[in-house]
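Working notes, structure below.
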Amino acid sequence: MEDDVREQTDRRAPGELEAAVLTALWAATGPRTPAEVQQDLGDALAYSTVATILSRLHTKGVVGRVKRGRSYVYAPVADEPGVAARRMHQVLDARADRDTVLARFVSDLSPADELLLRGLLEEG
């Protein structure tokens, strides 16, 4: 029973490992191998875990990869705001009621965010 409790409290929130790997890639000066990302994260994760996360991020289109020797090197395809915007688009694209979702999102904006959005729409 005690192990079950420890196991539950040691679990990371969904997406936490992906976020940590992306943060390491954004901080890097160039593409990184899984071993380099593992080192950047302080070796707290197994190599295979880091390689799996990078592979999943590549499948999702969040990072690109190029073969270097026997391994791949990975780099983010967008900065942090770009990834967040991409996720917002994916949510909208996945909904049949896109108009309703977008309308609900806009109606829940703070006055400051609404003003910012209006300004951005007027510029673009």
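All residue numbers in this chain count up from 1 along the given sequence.
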To the nearest 0.5 angstrom, please state how far the [atom1] atom of [X] sits from the [atom2] atom of [Y].
X   : Y    : atom1 : atom2 : value
L25 : L57  : CG    : CG    : 7.5 Å
D79 : L22  : CG    : CG    : 11.0 Å
L92 : R98  : CG    : CZ    : 4.5 Å
R95 : L102 : CZ    : CG    : 13.0 Å
D40 : R32  : CG    : CZ    : 4.0 Å
E18 : L54  : CD    : CG    : 9.5 Å

Is [Y] reachable from [X] through a run of hydrophobic residues whose side-chain heavy atoms are each under 4.5 Å from the next?
X    : Y    : result
L109 : L115 : no
V62  : V73  : no
L121 : F105 : yes
L17  : V21  : yes

- Message: Take a 6.0 Å sphere around CD of Q90 and say whether it holds more than 12 heavy atoms from other residues, nucleotides or ligands.
- Response: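 Counting other residues, nucleotides and ligands, CD of Q90 exceeds 12 neighbours.
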
- E122 with R118: basic N within carboxylate O range, under 4.0 Å: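 Here E122 does not pair with R118 in a salt bridge, since their nearest N and O are not under 4.0 Å apart.
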
